[in-house]
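Heads up: the structure comes next, in structure tokens.
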Amino acid sequence: MRARVNESPRLSPSAVQASREVRTVISRLRRRILNAAEAEDITLGQASVLTRLSGEQGVTASELASAEGVRHQSMTATVASLTALGLVERRPDPDDGRRLLIALTAEGHRRVEEGRQARQEWLAGELQEKCTEEERRAVIAAMAVLERLTRD
């Protein structure tokens with residue numbers, strides 16, 4: 001059984017504080033970034049599915065559900081909504097005709113790219129308006145440190 005963070009004698013107070021602050025800031029920043037590109041006709045969950053599909057040639061609803069951490073039935077409803085909006089399509093799997101693959105339509109690709117652009121412009125604008133050049137360089141350096149944490 002793993003010890004709780006506060007109970008572990010091996011963790012320095014600065015590591016515990018940095019962990020808490022990084023998680024809090026990333027969570028808030030993620031929400032702000034997502035809201036910057038929020039389309040009025042789709043939910044954040046639907047936007048997440050569109051983004052996930054952007055790097056795929058086609059996946060099953062089960063694969064999407066697993067990747068998004070939702071039940072298959074919930075994903076089926078999400079895909080149905082996105083299909084009705086013309087953002088995704090279902091097509092037969094070329095390797096197994098019994099399966100249906102879900103993929104972005106041209107409109108879906110356009111919407112994903114628009115969202116990416118809006119999020120990038122929002123964040124760059126916030127960094128330009130609210131931070132000095134020195135602070136922006138500090139952010140770049142901090143991102144290099146955080147990137148190291150994501151490597152296996």
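Residue numbers start at 1 and run along the sequence shown. None of these values were measured; they are calculated from a predicted model.
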Original post:
Is it true that the side chains of Glu21 and Gln17 contain a donor and an acceptor less than 3.5 Å apart?
Top reply: yes
Subject >> Atom pair CD1/CG of Ile26 and Leu146 - distance to nearest 0.5 Å >> reply: 5.5 Å
Original post:
Does any donor atom in the side chain of Arg116 or Ser54 lie under 3.5 Å from an acceptor atom in the other side chain?
Top reply: yes
**OP:** Considering non-hydrogen atoms only, spot the tightest contact between Thr51 and Val112 and give its length.
**Re:** N-CG2, 4.2 Å
Subject >> Leu64 reachable from Leu100 in the ILVMFWY side-chain graph, under 4.5 Å edges >> reply: no
**OP:** Answer yes or no: does atom CZ of Arg91 have more than 12 heavy-atom neighbours from other residues, nucleotides or ligands under 6.0 Å?
**Re:** yes
Original post:
Hey, is Glu134 close enough to Arg137 for a salt bridge, meaning N to O under 4.0 Å?
Top reply: no
**OP:** Please determine if Arg136 and Glu133 form a salt bridge, counting it only when a charged side-chain N lies under 4.0 Å from a carboxylate O.
**Re:** yes
Subject >> Leu104 CG to Leu82 CG distance, which is reported to the nearest 0.5 Å >> reply: 9.0 Å
Original post:
Same cluster or not: are Leu127 and Ile140 linked, directly or through other Ile, Leu, Val, Met, Phe, Trp or Tyr residues, by side-chain heavy atoms under 4.5 angstrom apart?
Top reply: no
Original post:
Of the non-hydrogen atoms in Leu53 and Val88, which two are nearest, and what is the gap between them?
Top reply: CD1-CG1, 3.6 Å
**OP:** Would you mind listing every salt bridge (Lys or Arg N to Asp or Glu O under 4.0 Å) that reaches into residues 49-77, with sequence neighbours excluded?
**Re:** Arg52-Glu68
Original post:
Which is it for Thr78 and Val70 under the side-chain contact (heavy atoms from CB on, under 4.5 Å) test, yes or no, and what are the steps along the way?
Top reply: CA-CA 10 Å; Thr78 298; Val70 299; over 6 Å; no
Subject >> For Arg32, all residues meeting salt bridge (charged side-chain N to carboxylate O under 4.0 Å, His left out), sequence neighbours excluded >> reply: none
Subject >> Shortest non-hydrogen contact from Arg99 toward Leu101 >> reply: NH2-CD2, 4.0 Å
Subject >> Neighbour count >12 (heavy atoms, 6.0 Å) for atom CD, Gln120 >> reply: no
**OP:** Provide the closest heavy-atom pair for Ile33 versus Arg119 in the form atom of the first, atom of the second, distance.
**Re:** O-CG, 3.2 Å
Subject >> Same cluster (ILVMFWY, side-chain, under 4.5 Å), Val139 and Leu149 >> reply: yes
**OP:** Report the C-alpha distance between Arg110 and Glu107 in whole Å, list the side-chain angles of each, state the deciding distance to 0.1 Å, and finish with yes or no for side-chain contact (heavy atoms from CB on, under 4.5 Å).
**Re:** CA-CA 5 Å; Arg110 186 189 67 73; Glu107 177 65 11; 2.4 Å; yes
**OP:** List in chain and number order the residues that pass side chain to side chain donor-acceptor pair (under 3.5 Å) with Glu147, two or more places apart in sequence or in another chain; answer none if no residue qualifies.
**Re:** Thr150
Original post:
If you round to the nearest 0.5 Å, how far is CG of Asp93 from CZ of Arg98?
Top reply: 10.0 Å
Original post:
Does the side-chain contact (heavy atoms from CB on, under 4.5 Å) test come out yes or no for Glu89 and Thr83, once each step is laid out?
Top reply: CA-CA 6 Å; Glu89 63 185 359; Thr83 301; over 6 Å; no
Original post:
Between atom OG1 of Thr24 and atom CZ of Arg20, what is the distance when rounded to the nearest 0.5 Å?
Top reply: 8.0 Å
Subject >> Steps toward side-chain contact (heavy atoms from CB on, under 4.5 Å) verdict (Ile42, Leu87) >> reply: CA-CA 10 Å; Ile42 63 173; Leu87 302 176; 4.1 Å; yes
Original post:
Are any of the side-chain heavy atoms of Thr105 and His109 separated by less than 4.5 Å?
Top reply: no
Original post:
Between Thr60 and Ser62, do the side chains contain an N or O donor and an N or O acceptor separated by less than 3.5 Å?
Top reply: no
Subject >> Val49 to Met75 - nearest heavy-atom pair and separation >> reply: CG2-CE, 3.7 Å
**OP:** Would you name the heavy atoms of Ala118 and Ala36 that are closest together and state the gap between them?
**Re:** CB-O, 4.2 Å
